[in-house]
Amino acid sequence: MSRNYYENQDSFFQKNDSEQLSEDTKTVKKGRARLFEIAFYKKWYMLASAILSIISVACSFIPYIILYLVLKEILPHLSDLSQIDGSLLMTYIVYIVIAILLTVVTMFVSLMCSHLAAFQTLYHLKIDFAAKLATLPLGYFNQNATGKLRKVMDENIEGIELFIAHHFPDLVGSFTAPIVLVLLLLYFDWRVGLICLVPIILAYAIQAISFGGKNKVMYLKTYQDALEDMNVSAVEYVRGISVIKIFNQTVYSFKKFHDSIMNYTKFCIQYTYMCRAPMTAFVTILNNISFFIIPVGIWWVTRTTDYTAFALTFIFYLIFSASVVSPFMKLMYVSNKGDVIIDGINRMDETFNTPSVKEPANPVKPNRVIGRSIRFENVSFSYTEDPNHNALTDVSFIAEEGQITALVGKSGSGKSMIAHLIPRFWDVAGGAIYVGDTDIRDLKTDDLMDMVSFVFQDVFLFKQTVYENIRIGKPDATDEEVQAAARAAQCDDFIRNLPSGYDTVINSQGIHLSGGERQRIAIARAILKNSPIIVLDEATAFADPENEYKIQEAFKELVKEKTVIMIAHRLPTIRSAHQIIVMDDGKIAESGTHDDLIQKNGAYKKMWDAYNATLTWRISGTNSDTEKANKTNTKEDKTNTKENKTNTKESKTNAKGSVI
């Protein structure tokens with residue numbers, strides 16, 4: 001028997017794990033079934049809303065029935081109004097008022113129930129969606145732009161709230177109203193009732209031919225794709241606004257964004273023109289049912305002898321036909337909106353159906369892991385399924401516990417990929433990665449993440465207080481622990497100079513931090529977390545000399561007695577590392593200490609010589625300036641030679657010390 005599979009057992013919404021889709025195709029719900037499955041997350045609220053909506057719609061037709069009774073009382077006595085039963089008419093008026101009040105009250109309570117269901121469903125759905133994003137490999141975010149995921153979270157999921165809160169009661173009412181309408185149309189005079197049904201059937205036939213079937217699906221997909229593309233381009237445009245302003249460009253010069261806007265506009269205009277004729281016909285026919293009744297009335301009046309009965313029926317149907325428009329228009333509107341929401345749910349489920357990083361069936365407890373070294377054993381990885389284009393190929397090394405292992409190499413050589421594989425941002429295609437004696441795939445993701453701290457070159461700070469940004473490293477940390485971590489990270493001084501100190505909200509009211517300051521807050525997070533394994537990915541890349549010095553001082557506190565993997569482009573920062581691994585095209589070219597690699601005269605020696613060559617680089621000037629500069633450089637070179645000899649002695653002394 002096939003079953004629905006939960007990656008998160010507490011999740012009501014995520015039932016469609018992609019690995020199970022082949023065996024669950026009969027049980028996985030799609031389209032309208034999926035929409036109603038989500039909508040009925042709070043089923044008792046929804047059932048109450050549906051029942052009250054039906055009662056409201058039924059009550060809304062009571063005044064028309066009473067109107068028929070009023071006409072029936074008045075028309076026979078037009079020649080002698082004194083014969084009219086006034087008390088009966090007053091009773092009818094009271095009934096009409098009661099019916100209107102019941103209509104309003106029941107609809108109000110129905111909407112209250114649907115809104116309660118909508119807000120609770122929306123809350124849990126967004127929590128589940130955000131939790132799902134946190135379990136996905138980084139490759140998913142490389143293939144799906146931020147703007148696309150933002151649209152799913154902010155628009156597609158919000159659309160579900162709109163359906164539950166407003167469209168569902170309307171939908172129930174819209175299906176109830178036509179049934180009541182048809183019954184009433186046929187009850188009072190079935191012949192005139194049939195005449196009234198002709199334009200209704202004709203109007204919906206036009207709609208079905210014009211917008212039904214594949215046409216609707218195609219246009220909805222095209223519309224959503226165009227809207228999604230425009231969202232993605234808009235996010236990219238905003239992120240690149242500084243470059244656009246520097247080069248004095250406009251939105252028209254940002255071709256991708258401009259083209260996405262124009263494509264969206266072109267589609268909307270074409271779709272509007274396509275809808276113009278059938279939509280006009282639909283609205284015109286529904287709003288003019290009386291034009292179908294009047295010819296029948298003219299024909300009927302020439303052949304009837306009971307003019308009172310004729311007048312009663314004719315007047316009633318002329319008035320009642322006006323009430324036909326609203327429920328049928330609402331039914332069309334809710335149906336079209338529902339199709340848009342369903343397309344949004346399909347896009348949401350694409351994310352839910354993406355395989356998460358697999359959790360082990362029988363995870364190893366962290367306290368049973370022996371050692372905290374990092375060992376790569378014949379690790380290979382590829383972004384694609386093509387084995388000929390590996391990002392890493394047969395990589396093996398050990399980052400010993402309590403030591404610093406540095407990764408160097410040109411851009412794209414695989415340094416950052418090694419760092420990203422350690423916390424399972426991706427899973428290896430071949431080989432294995434071990435923490436101590438345990439394969440990281442045998443650890444729960446939460447346990448593995450508790451063992452590792454990161455400081456990346458691109459630091460993201462939330463729009464929260466400085467306290468909260470640091471406390472992310474340890475959510476239950478006390479204020480004293482946060483401040484101690486900040487002091488160790490060399491950022492306590494500048495934090496206290498902020499307008500509200502640690503309570504200052506970052507990125508608000510003009511509060512912006514420099515790259516070096518942001519790096520030090522990230523280091524404070526890592527110090528507070530106090531994980532046994534530290535990964536530093538070019539953490540000083542955006543720092544000025546003063547901030548770089550303070551960051552290096554913070555590193556001394558961070559890396560004490562830790563297993564450290566450090567990625568660096570500035571070679572002097574890793575000169576005293578216990579092990580330096582040189583990466584080239586996804587493979588290890590060579591490894592050893594700084595002195596060992598210099599003596600090997602290989603790839604690392606070339607990188608070191610290239611770095612030293614940049615130290616004497618100058619902007620060329622006039623001949624006289626050049627001669628003076630050359631004399632000065634000669635003196636500086638002699639001085640640098642002496643300093644280099646001194647530094648060599650110091651580096652040997654510090655080999656067991658800091659990163660510097």
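This structure is a prediction, so every number in the text was calculated from the model and none was measured.
- In this structure, a donor-acceptor pair under 3.5 Å is absent between the side chains of Lys474 and Asn530.
- Rounding to the nearest 0.5 Å places CZ of Arg375 at 9.0 Å from CG of Asp439.
- Between the Asn353 side chain and the Asp349 main chain, a donor and an acceptor come within less than 3.5 Å of each other.
- Judged by distance alone, the side chain of Arg520 and the main-chain N or O of Gln490 form a donor-acceptor pair under 3.5 Å.
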Donor-acceptor pairs under 3.5 angstrom involving side-chain atoms of residues 410-418: please list them, not counting sequence neighbours.
| from | atom 1 | to | atom 2 | distance (Å) |
| --- | --- | --- | --- | --- |
| Ser413 | OG | Lys410 | O | 2.7 |
| Lys415 | NZ | Gly409 | O | 3.0 |
| Lys415 | NZ | Lys410 | O | 3.2 |
| Ser416 | OG | Asp537 | OD2 | 3.3 |

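- Note on ring orientation: taking the six-membered ring where Trp is involved, the planes of Tyr604 and His594 are perpendicular (angle over 60°, cut-offs 30° and 60°).
- A pairwise comparison of heavy atoms in Val582 and Met607 identifies CG1-SD, 4.3 Å as the closest pair.
- Side chain of Gln579 to backbone of Ile398: a donor-acceptor contact under 3.5 angstrom is found.
- Taking the salt bridge (Lys or Arg N to Asp or Glu O under 4.0 Å) definition, one finds that Lys463 meets it with nothing, sequence neighbours left out.
- Shown are Leu448, Asp450, Val452; of these, the side-chain contact (heavy atoms from CB on, under 4.5 Å) with Ile533 is made only by Val452.
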> Could you go step by step and tell me if Asp427 and Arg424 meet the salt bridge (Lys or Arg N to Asp or Glu O under 4.0 Å) rule?
Replying inline: CA-CA 6 Å; Asp427 268 335; Arg424 294 189 69 194; 2.8 Å; yes
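- In this structure, Gly402 and His578 approach most closely via the heavy-atom pair O-CE1, 4.4 Å.
- Side-chain atoms of Glu359 come within 3.5 Å of backbone N or O of Thr445 as a donor-acceptor pair.
- With hydrogens and angles ignored, the 3.5 Å screen pairs a side-chain donor or acceptor of Thr354 with a backbone N or O of Glu350.
- In terms of heavy-atom proximity, Ala432 sits nearest to Val379 at O-CG2, 3.3 Å.
- Here the straight-line distance linking atom CG of Leu443 with atom OG1 of Thr438 works out to 5.5 Å at 0.5 Å rounding.
- Note: Phe381 and Trp426 have tilted aromatic rings, judged against thresholds of 30 and 60 degrees for the angle between ring planes.
- Using a 4.0 Å cut-off between charged nitrogen and carboxylate oxygen, Lys605 and Asp609 count as a salt-bridge pair.
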>> As a quick check of understanding, evaluate side chain to side chain donor-acceptor pair (under 3.5 Å) for Gln464 and Arg471, giving each step before the final call.
In response: CA-CA 11 Å; Gln464 295 178 335; Arg471 194 180 273 126; over 6 Å; no
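- Counting all heavy atoms, side chain and backbone alike, Asp437 lies closest to Ile370 at OD1-N, 3.0 Å.
- A distance-only check finds a donor-acceptor pair linking the side chain of Arg525 to the backbone of Asn469 [under 3.5 Å].
- Within 6.0 Å of CG on Asn362 lie no more than 12 heavy atoms contributed by other residues, nucleotides or ligands.
- The minimum heavy-atom distance linking Lys529 with Ser453 is given by the pair CD-OG, 3.3 Å.
- Of the charged side-chain nitrogens involved, none lies within less than 4.0 Å of a carboxylate oxygen, so that Lys132 and Asp128 do not count as a salt-bridged pair.
- Under a 3.5 Å cut-off, the side chain of Glu481 and the backbone N or O of Thr478 do form a donor-acceptor pair.
- Rounding to the nearest 0.5 angstrom, the gap separating the CD atom in Glu517 from the CD1 atom in Ile506 is 10.0 Å.
- Between the side chain of Arg487 and the backbone N or O of Val482, no donor-acceptor pair lies under 3.5 Å.
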>> Could you go through Phe376 and Ile422, starting from their C-alpha distance and side-chain angles, then the distance that decides it, and tell me whether this counts as side chain to side chain contact (heavy atoms under 4.5 Å, CB included)?
In response: CA-CA 9 Å; Phe376 275 59; Ile422 294 171; 3.9 Å; yes
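- Separation of atoms CG (Leu421) and CG (Leu392) is listed at 6.0 Å; rounding is to 0.5 Å.
- Counting all heavy atoms, side chain and backbone alike, Ser382 lies closest to Ala429 at N-CB, 4.4 Å.
- For Ser500 (side chain) and Asp503 (main-chain N/O), no donor-acceptor pair under 3.5 Å exists by modelled atom type.
- A salt bridge does not link Asp585 to Lys587: none of the charged nitrogens lies less than 4.0 Å from a carboxylate oxygen.
- Rounded to the nearest 0.5 angstrom, Leu136 CG and Phe425 CZ are separated by 12.5 Å.
- Within the model, atoms CD of Gln403 and OG1 of Thr563 stand 8.5 Å from one another, a figure rounded to the nearest 0.5 Å.
- Between the side chain of Glu590 and the main chain of Ile581, no donor-acceptor pair closer than 3.5 Å is present.
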